[in-house]
Amino acid sequence: MECTTADRAKIEQILRKAATEAGNENRMIYFGKQFIGIPYVAHTLEEGNWEHLIVNVHGLDCTTFVETVFALYLCDKNNERTFDDFCRYLTKIRFRYGQMTDYTSRLHYFTWWGEDNEQLGLVRQVVRDGAPFSAIQTVNINYMSAHPEYYKQLKLHPEFIPVIRRLEQESKGSMFRYIPKSRLNGSPKELADVHTGDIISIITNKDGLDTSHVGIVFWQDGKLHLMHASSLYKKVVMDQKTFYDYSQGQKSHLGIRVYRPN
């Protein structure tokens with residue numbers, strides 16, 4: 001496990017503070033707010049030459065932000081407030097079947113992340129036939145095995161490439177209903193299936209990928225917004241631009257899949 005003394009202290013401080021601040025605020029949003037303004041930093045999990053648990057809360061990307069908030073949420077939900085508790089939940093969230101072995105055990109694609117965490121009973125995918133889930137994504141992921149030169153661990157360990165390729169192939173053809181971005185301007189009644197604190201993955205049309213971004217949604221003044229570690233703003237934000245307006249500016253975005261913490 002790799003973590004700075006300051007980051008460990010921050011996690012413990014947040015968990016202690018949360019025990020005294022129950023309130024009525026959604027707890028995913030509560031924990032997300034603890035990181036507002038933290039710099040966006042990409043590739044924070046690629047340190048070292050082997051897979052190990054990295055805890056980094058002084059620089060977050062979109063996925064590590066969601067994972068960190070969700071691990072804190074699970075600690076709080078179960079009244080477990082030590083740093084070791086946090087690491088245990090983070091491991092369960094981040095790795096296949098909740099077990100870290102090597103680089104191939106990390107849930108690199110969000111399709112894997114959602115399926116694995118749903119099987120573990122940590123989240124459930126929110127979906128229904130018909131509106132607003134009026135579009136269907138057919139998964140065809142192969143970006144990692146097609147571009148191993150972009151991944152430090154695959155360059156160091158080419159023996160991992162066929163393993164990743166096999167896992168990608170196992171997901172090929174999986175179908176998921178999603179909310180197209182044209183519907184993200186809907187009213188709270190029209191988007192009643194989407195709740196504050198839900199984890200969302202943004203579907204992409206980029207070849208070989210399933211999603212391009214993840215975050216946590218919240219309702220504000222009757223409109224859906226996104227809390228996320230933003231490469232655009234270079235930090236963690238509660239975006240004051242509506243989710244609809246944000247998505248309209250992203251040509252590769254097709255819509256969202258929704259996951260709710262159990």
Side-chain angles (χ1 to χ4, degrees), residues 1-4 6-36 38 44-45 51-101 105-127 194-201 211 213-218 226-229 236 238 256-262:
M1 193 274 293
E2 179 179 341
C3 181
T4 68
D7 282 353
R8 180 186 183 114
K10 183 176 179 70
I11 292 296
E12 292 175 338
Q13 185 269 334
I14 289 172
L15 286 171
R16 286 196 305 269
K17 180 182 174 186
T20 67
E21 296 182 348
N24 296 318
E25 184 174 36
N26 177 276
R27 295 304 265 179
M28 288 289 287
I29 298 300
Y30 170 84
F31 286 112
K33 283 182 176 179
Q34 310 308 309
F35 302 99
I36 296 296
I38 296 295
T44 57
L45 299 185
E51 191 68 18
H52 57 296
L53 184 68
I54 295 177
V55 179
N56 178 354
V57 294
H58 59 271
L60 297 163
D61 62 25
C62 65
T63 301
T64 58
F65 168 66
V66 167
E67 289 181 337
T68 298
V69 171
F70 190 31
L72 288 166
Y73 167 90
L74 291 170
C75 283
D76 182 67
K77 174 175 176 284
N78 296 301
N79 197 28
E80 298 177 84
R81 304 193 181 275
T82 70
F83 182 71
D84 287 344
D85 293 327
F86 172 82
C87 290
R88 179 164 47 84
Y89 282 118
L90 188 62
T91 300
K92 183 175 287 191
I93 291 165
R94 183 174 290 170
F95 297 96
R96 190 176 300 274
Y97 311 128
Q99 298 178 4
M100 177 180 60
T101 56
S105 69
R106 200 194 310 167
L107 299 165
H108 297 282
Y109 294 96
F110 206 79
T111 291
W112 296 351
W113 192 99
E115 289 178 332
D116 199 81
N117 279 276
E118 191 164 29
Q119 288 172 5
L120 291 176
L122 301 179
V123 301
R124 67 177 179 88
Q125 185 176 7
V126 180
V127 68
V194 185
H195 296 179
T196 290
D198 284 347
I199 297 167
I200 61 91
S201 62
T211 61
H213 195 49
V214 297
I216 302 166
V217 291
F218 64 98
L226 184 64
M227 173 187 280
H228 58 138
V236 175
M238 292 186 74
I256 63 170
R257 281 158 55 185
V258 183
Y259 295 87
R260 183 161 303 146
N262 282 335

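Start at 1 with the first residue, then count along the sequence.
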Just do the side chain to side chain contact (heavy atoms under 4.5 Å, CB included) check on Thr111 and Arg257 with the steps written out, would you?
CA-CA 10 Å; Thr111 291; Arg257 281 158 55 185; 3.3 Å; yes
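- Asp198 contributes no side-chain N or O that, together with a main-chain N or O of Val217, makes up a donor-acceptor pair within less than 3.5 Å.
- Annotation for Gly121 and Asn262: closest pair O-ND2, 2.9 Å, computed over non-hydrogen atoms.
- Residue Ile199 is tested with Val66, Val69, Val126, Val258 for a side chain to side chain contact (heavy atoms under 4.5 Å, CB included); the sole match is Val66.
- Classified by interplanar angle (parallel below 30°, tilted 30° to 60°, perpendicular above 60°), the ring pair Phe110/Trp113 is parallel.
- Atom OG1 of residue Thr63 and atom CG of residue Leu45 lie 8.5 Å apart, to the nearest 0.5 angstrom.
- Among all heavy-atom pairs drawn from His213 and Ala229, the shortest one is CE1-O, 3.4 Å.
- To the nearest 0.5 Å, atom CD1 of residue Ile200 and atom NE2 of residue His228 are 9.0 Å apart.
- When all heavy atoms of Ile54 and Arg94 are compared, the closest pair comes out as O-NH1, 3.0 Å.
- For the atom pair CG (Leu72) and CD1 (Ile11), the distance works out to 4.5 Å, reported to the nearest 0.5 Å.
- Taking the ring centroids of Tyr259 and Phe70, they lie at or beyond the 6.0 Å cut-off.
- Around NZ of Lys92, the count of heavy atoms belonging to other residues, nucleotides or ligands within 6.0 Å does not exceed 12.
- Note that CG of Leu74 is 8.5 Å distant from CE of Met28, once rounded to the nearest 0.5 Å.
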Met238 vs Ile29, test: side chain to side chain contact (heavy atoms under 4.5 Å, CB included). Steps then yes/no.
CA-CA 9 Å; Met238 292 186 74; Ile29 298 300; 4.2 Å; yes
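- Applying the side chain to side chain donor-acceptor pair (under 3.5 Å) criterion to His52, with sequence neighbours excluded, gives Glu2.
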One pair to check against side chain to side chain contact (heavy atoms under 4.5 Å, CB included): Phe218 and Asn26. What are the steps and the verdict?
CA-CA 9 Å; Phe218 64 98; Asn26 177 276; over 6 Å; no
Does the pair Phe86 and Ile14 meet the rule for a side chain to side chain contact (heavy atoms under 4.5 Å, CB included), with working shown?
CA-CA 11 Å; Phe86 172 82; Ile14 289 172; over 6 Å; no
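- One distance of note links CG of Leu53 with CZ of Arg106; it measures 10.5 Å at 0.5 Å rounding.
- Side-chain contact between Tyr109 and Glu115: absent, with no pair of heavy atoms (C-beta onward) separated by less than 4.5 Å.
- Looking only at side-chain heavy atoms (C-beta outward), Met1 and Phe83 come within less than 4.5 Å of each other.
- Distance check: Ile216 CD1 to Leu226 CG gives 8.5 Å after rounding to the nearest 0.5 Å.
- Partners of Lys17 according to the side chain to side chain contact (heavy atoms under 4.5 Å, CB included) rule, which considers only residues two or more places apart in sequence or in another chain, are Gln13, Glu21, Tyr30, Gln34.
- Of all heavy-atom pairs between Pro261 and Gly197, the closest is CD-O, 3.9 Å.
- Nearest approach of Tyr89 to Cys75, heavy atoms of both residues: CD1-SG, 3.5 Å.
- Taking each heavy atom of Phe95 and Asp116 in turn, the nearest pair found is O-OD2, 3.5 Å.
- Side-chain contact between Arg81 and Asp76 is present, with at least one heavy-atom pair separated by less than 4.5 Å.
- Checking Thr101 against Arg96 by side-chain atom types alone, no donor-acceptor pair falls below 3.5 Å.
- Using a 4.0 Å cut-off between a side-chain N of Lys or Arg and a carboxylate O of Asp or Glu, Arg88 and Asp85 qualify as a salt bridge.
- Side-chain atoms of Arg27 come within 3.5 Å of backbone atoms of Ala18 as a donor-acceptor pair (strictly under, hydrogens ignored).
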